[in-house]
**Q** 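Have a look at this one before I ask anything.
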Amino acid sequence: MSRTSVQPTEEAADAKPVDTASLSHGLKQRHLSMIALGGVIGAGLFVGSGTAIAAAGPSIVLAYAISGALVMLVMRMLGEMAAAYPASGSFSVHAERGIGPWAGFTAGWSFWFLLCVAVGLEGIGAAGIVHAWVPGVPEWAWVALFMLLFTGTNLTAVKNFGEFEFWFATLKVGAIVLFLVIGILAVLGVLPDVDAPGMSNLTGHGGFMPNGTEGLIVGLLASVFAYGGLETVTIAAAESEHPVQGVAKAVRTAMWRIALFYVGSMAVVVVLLPWTSKEIPTKGPYVATLDHLGIPAAGQIMNVVVLIALLSAMNANIYGASRMATSLVSRGMGPKAVGATYGSVPRIAVTLSAVFGFVCVLLSYWRPDDVFAWLLNTIGAIILVVWFFIAFSQLVLRRKLEREAPQKLVVKMWAYPYLTIVALVGMVAVFVLMAREADTRVQLYYTGGLTVVLAVIGYARQKAAEKR
C-alpha cells in the first residue's frame, strides 16, 4: 500500500465477499502471505526462462523488468478492486461491475479454461520428473496420483489447501533465496575456487543485446506469460479471515517480489554465465548456473524444486478454477449444480475442474498433434486478455468508488488514471508484438477465437436476462 493510501475504515475492513456466502473463511494471513510469495515462483521461472535467455542474451534482465513493471501495475489495479469488492470471482466480478455481465462471463470462463488446461500441463511435467526417478511406473499413473491427491486436498476444508500452499511456497521461496545468496557471493568473488566474472558476460559475446530488438521482443513475450499465477491470491483472499487487509498486504509486497525473484535471479544468471552457454536452454538457467559454480547434485536439487513448483501450481489451479466456477454460478452464469457446496466446499466445481485437467492429460496421449495442440494454442494469450479486463474495469470502477464509496479505497492505484492507461497501452503493444511472431500469432488467433465465442455467449445471456 502506498504511503498516501487511506487506512482501512471499520466498514472497509469488515467488507465481506460478494459471492462466497456458502464458503468458509478458513485461510489465515500467513497462508495468504505465502500464496502471494509462492504464486510468482513457478516452473516457468526455473525452466522456461532458459529459452528466453537464449533469445535475448543479457537483455533478458531488461525484458523481465519491462514485463514485471506491467505486472506490478496489473496487480496494483487488481488489489484496489479486490480490497473494495472482495470476491472469490475476483476480476470476473470486477469486470461485471465495471463493464457488464458479458465481460464477467468472458473473463471468468476463459480463466477457468486456462487453469484447467494448466492443471493438465503441470501434471504431465511433474509426472515426467518422477518417472525419471521411478521408470517402472508409467507417467499417466503419476498424473492420476497427483490429481487424486490435490482433488482430495481441495475437497476438504479450505484451510487444508492453505496449509499445502504454505509449505509449498515456503520451499520455493527458500530455494530461490538460496540461489540468489549463492549467486551474489559468486558475483562478488567470495565463493572458494570461483573467480568474480565482472562485466565480461554482459558486454562480451555480442554485447548486452546480441540479437538486437528482435531478441529482446522474444524474451519480452516469454517473460510476460511467466508471471501468470499472481491472480490466485485475490481469489484466495475472499476466503480469508480478513479479506481487505489480506489483499492490501499481498499487493504491498508485489514490487519487491518481482524485482527480487525474477529480475534479480535473471541478472545473477547472465552475469555468471555467458548467454551462449548450451546448458542454459537444455538444463535450465538455474541448474546450469549451479553446475558452473560446482554445487554438488545441482541438477537433482533443482528437479526437486521444479517438481514442488509444478505440484504447487496444480494445487493452486484446481483451487482457483473451482472458486471461479462457483462465483460464476452464484451470479447466474453457469449450471447451478456446479456451484453446490458441501461443508462450505464447492465439491462439484473442484471435481469438474480436476476431471477437465485429467482429460487434457489424456488428450496429450491420444491426440497430441491436433486437439492437444489446439488446447495449448488456445490458452496462449488468455492471461493477457484477463489483464486487459482488469485494467479496463479499474479505469471505470475507480471513478465510481471515488464518487460513491471513497472509504473503500484502501489500496489505491498509483497515478490514476495515467498509469492505468499506460498499462492498457502496454498490453496492446504485447498483442501487436505477438501478431508479429509466427509462433505467438497462432496463439493469438486461437485465444482470440475463444474470447469472441465466450463474449458472444455472454452478451446473448445478458440480453436475454434484460428481457426477463
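Everything numeric here is computed off the predicted structure, so don't read it as measured data. Atom set for the values below is all heavy atoms of this structure, side chains included, hydrogens, waters and symmetry mates excluded.
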**Q** Any non-hydrogen side-chain atom of Phe146 less than 4.5 Å from a side-chain atom of Leu310?
**A** no
**Q** What I'd like to find out is whether the side chain of Phe91 reaches to under 4.5 Å of the side chain of Met324, using heavy atoms alone.
**A** yes
**Q** Please report the closest heavy-atom contact between Ala196 and Leu188, naming both atoms and the distance.
**A** CB-C, 4.1 Å
**Q** Would you give the length of the straight line joining atom CD1 of Ile318 to atom CE of Met147, rounded to the nearest 0.5 angstrom?
**A** 6.0 Å
**Q** Given the rule in the salt bridge (charged side-chain N to carboxylate O under 4.0 Å, His left out) test, do Glu402 and Lys412 qualify, once you have shown the distances and angles that lead to the verdict?
**A** CA-CA 11 Å; Glu402 288 178 333; Lys412 286 186 176 182; over 6 Å; no
**Q** Are Glu231 and Ile383 close enough that some pair of their side-chain heavy atoms sits under 4.5 Å apart?
**A** yes
**Q** Once rounded to the nearest 0.5 Å, what's the spacing between atom CD of Glu279 and atom NE2 of His292?
**A** 10.0 Å
**Q** Could you give me the CA-CA distance, side-chain angles and deciding distance for Ser90 and Thr234, then say whether side chain to side chain donor-acceptor pair (under 3.5 Å) is met?
**A** CA-CA 6 Å; Ser90 187; Thr234 60; 2.8 Å; yes
**Q** Has the side chain of Ser277 got a donor or acceptor atom that lies under 3.5 Å from a matching backbone atom of Leu273?
**A** no
**Q** Is the distance from the ring center of Trp112 to that of Phe356 below 6.0 Å?
**A** yes
**Q** Less than 4.5 Å apart, any side-chain heavy atom of Leu311 and any of Leu307?
**A** yes
**Q** With no hydrogens and no angle check, do the side chains of Glu80 and Tyr85 hold a donor and an acceptor under 3.5 Å apart?
**A** no
**Q** Say you draw a straight line from CG of Leu73 to CG of Leu78; how long is it, rounded to the nearest 0.5 Å?
**A** 12.5 Å
**Q** For the side chain of Arg399 and the backbone of Leu395, is there at least one donor-acceptor N/O pair under 3.5 Å apart?
**A** yes
**Q** Would you say the side chain of Met75 lies within less than 4.5 Å of the side chain of Val233, judging by non-hydrogen atoms?
**A** yes
**Q** Looking only at the side chains, is there a donor atom on one of Lys28 and Ser240 sitting less than 3.5 Å from an acceptor on the other?
**A** no
**Q** Is it the case that the side chain of Thr440 and the backbone of Met434 share a donor-acceptor pair, with hydrogens and angles ignored and the cut-off at 3.5 Å?
**A** yes
**Q** With a 4.5 Å heavy-atom cut-off, do Asn201 and Val271 have their side chains touching?
**A** no
**Q** Is the shortest heavy-atom distance from the side chain of Leu401 to the side chain of Pro406 under 4.5 Å?
**A** no
**Q** Checking side-chain polar atoms at under 3.5 Å, does Glu96 have a donor or acceptor matched by the opposite partner on Trp102?
**A** no
**Q** Could you check, using the six-membered ring where one of them is a Trp, whether Tyr286 and Phe179 have ring centers closer than 6.0 angstrom?
**A** yes
**Q** Just checking, is any N or O donor in the side chain of Ser312 or Glu165 under 3.5 Å from an acceptor N or O on the other one?
**A** yes
**Q** For Ser88, does its backbone N or O pair with a side-chain atom of Arg323 as donor and acceptor, under 3.5 Å?
**A** no
**Q** If you define the side chain from C-beta out and look only at heavy atoms, does anything of Trp275 sit under 4.5 Å from Ser59?
**A** no
